[in-house]
Amino acid sequence: MKVRITTEPFDLNEALSYLLVPEAGGYVFFLGKVRNENHGRRVKKLIYEAYEEMAVKEMERIREEALEKFPIIDILIWHRYGELEVGEDTILIVASGKHRKEAFDACIWAIDKVKRRVPVWKREVTYEGTFWIEGDKVLPDK
């Protein structure tokens, strides 16, 4: 499954198994994790909410666009939702290519598109309160 939204932790070996082909000379992984600090606040956890059906469709569109835009072999996009503690995985993008440059370029492009377009919302629970995170904007939770 090359596009997935799940509450389950990622298995990197499983992800790679969907992309392994002899033509690939490189695989670029982007693995996002919950960090313990954001905007100067200590983070307890993140709560991701998603419109699952729409999120999967949009991630599939991004995947198809990446395959058209970059000379890569394939790309995988997985996103988590639910309550995630510091250190847990949040998003995984793996791009495969004959060479590293196109795989890196596709991976960078895909993470930016996912953050802008996919209906997944992030609420940050900190020691100072709870905040909605929208891109680089922080909005108080009311």
Side-chain angles (χ1 to χ4, degrees), residues 1-126 129-142:
M1 187 178 310
K2 294 178 185 172
V3 172
R4 177 186 293 175
I5 187 155
T6 182
T7 58
E8 297 301 314
F10 302 138
D11 179 332
L12 299 182
N13 287 318
E14 177 193 0
L16 184 59
S17 75
Y18 291 112
L19 302 177
L20 285 173
V21 294
E23 298 82 8
Y27 297 85
V28 173
F29 282 71
F30 174 80
L31 178 62
K33 293 205 170 256
V34 178
R35 63 180 176 269
N36 66 354
E37 181 276 331
N38 192 33
H39 296 283
R41 290 187 301 273
R42 289 184 355 187
V43 173
K44 290 182 185 179
K45 64 182 172 183
L46 295 179
I47 302 169
Y48 283 92
E49 296 180 18
Y51 182 163
E52 291 179 57
E53 184 180 334
M54 217 168 134
V56 168
K57 286 180 182 176
E58 192 60 29
M59 289 190 306
E60 185 57 47
R61 276 194 280 277
I62 291 167
R63 182 178 172 277
E64 290 169 7
E65 289 172 26
L67 290 168
E68 290 174 13
K69 184 174 180 62
F70 299 94
I72 56 174
I73 295 169
D74 212 341
I75 189 165
L76 172 143
I77 304 170
W78 290 355
H79 206 301
R80 300 265 315 268
Y81 69 98
E83 290 192 23
L84 303 174
E85 301 295 325
V86 170
E88 288 193 82
D89 302 339
T90 60
I91 187 166
L92 175 65
I93 297 178
V94 184
S96 62
K98 289 184 179 181
H99 306 284
R100 67 184 176 272
K101 183 178 182 343
E102 58 261 26
F104 273 105
D105 291 346
C107 202
I108 291 167
W109 178 89
I111 187 63
D112 289 341
K113 294 301 179 192
V114 168
K115 285 183 162 280
R116 283 191 202 106
R117 293 172 34 187
V118 175
V120 174
W121 302 276
K122 178 169 57 172
R123 196 164 17 146
E124 186 177 76
V125 179
T126 73
T130 303
F131 304 87
W132 286 98
I133 306 298
E134 186 178 305
D136 290 334
K137 292 186 234 170
V138 178
L139 310 167
D141 189 15
K142 295 184 181 191

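For this chain, numbers begin at 1 and follow the sequence in order.
- Using a 4.0 Å cut-off between charged nitrogen and carboxylate oxygen, Lys57 and Glu60 do not count as a salt-bridge pair.
- To the nearest 0.5 Å, atom SG of residue Cys107 and atom CD1 of residue Ile75 are 6.0 Å apart.
- Partner of Arg4 under the side-chain contact (heavy atoms from CB on, under 4.5 Å) criterion, out of Lys2, Glu8, Met1: Met1 alone.
- Around atom CZ of Arg117, more than 12 heavy atoms belonging to other residues, nucleotides or ligands sit under 6.0 Å away.
- Atom NZ of Lys44 has more than 12 heavy atoms from other residues, nucleotides or ligands within 6.0 Å.
- No donor-acceptor pair under 3.5 Å is formed between the side chain of Thr90 and the backbone N or O of Val34.
- For the residue pair Leu20 and Tyr27, the shortest heavy atom distance occurs at CA-OH, 3.4 Å.
- Partner of Lys45 under the side-chain hydrogen bond (donor to acceptor under 3.5 Å, both in side chains) criterion, chosen from Glu124, Glu85, Glu83: Glu83.
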Task: Worked check of side chain to side chain contact (heavy atoms under 4.5 Å, CB included) between Leu92 and Phe30 - done: CA-CA 6 Å; Leu92 175 65; Phe30 174 80; over 6 Å; no
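- Taken from CD1 in Ile93 to CD1 in Ile91, the straight-line distance is 4.5 Å, to the nearest 0.5 Å.
- Thr7 is listed as a side-chain neighbour of Tyr81, based on a closest heavy-atom distance under 4.5 Å.
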- [ ] List the steps and the verdict of side chain to side chain contact (heavy atoms under 4.5 Å, CB included) for Glu37 and Val43.
- [x] CA-CA 5 Å; Glu37 181 276 331; Val43 173; 5.6 Å; no
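- Between Asp89 and Leu84, the shortest heavy-atom contact is O-CD1, 3.6 Å.
- The two residues Ala55 and Ile5 make their nearest non-hydrogen contact at CB-CD1, 3.9 Å.
- The heavy-atom pair separating Ala106 from Ile72 by the smallest distance is CB-CG2, 3.7 Å.
- In this structure the side chain of Phe10 reaches within 4.5 angstrom of the side chain of Arg80, judged on heavy atoms.
- With salt bridges taken as basic N to acidic carboxylate O contacts below 4.0 Å, none links Arg61 and Glu65.
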Task: Ile73/Lys98 under side chain to side chain contact (heavy atoms under 4.5 Å, CB included): CA gap, chis, key distance, verdict - done: CA-CA 7 Å; Ile73 295 169; Lys98 289 184 179 181; 4.1 Å; yes
- [ ] Could you please spell out the steps behind the ring-ring contact (aromatic ring centres under 6.0 Å, His included) verdict for His79 and Tyr48?
- [x] CA-CA 10 Å; His79 206 301; Tyr48 283 92; 5.4 Å; yes
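- Distance alone, capped at 3.5 Å, places no donor-acceptor pair between the Arg123 side chain and the Phe131 backbone.
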TODO: Determine, step by step, whether Glu49 and Trp132 satisfy the side chain to side chain contact (heavy atoms under 4.5 Å, CB included) criterion, reporting the C-alpha distance in whole Å, the side-chain angles of both residues, the deciding distance to 0.1 Å, and the verdict.
DONE: CA-CA 11 Å; Glu49 296 180 18; Trp132 286 98; 3.6 Å; yes
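- Scanning all heavy atoms of the two residues, the minimum distance from Pro71 to Glu102 falls at O-CG, 3.4 Å.
- Of all heavy-atom pairs between Ala95 and Ala103, the closest is CB-O, 3.5 Å.
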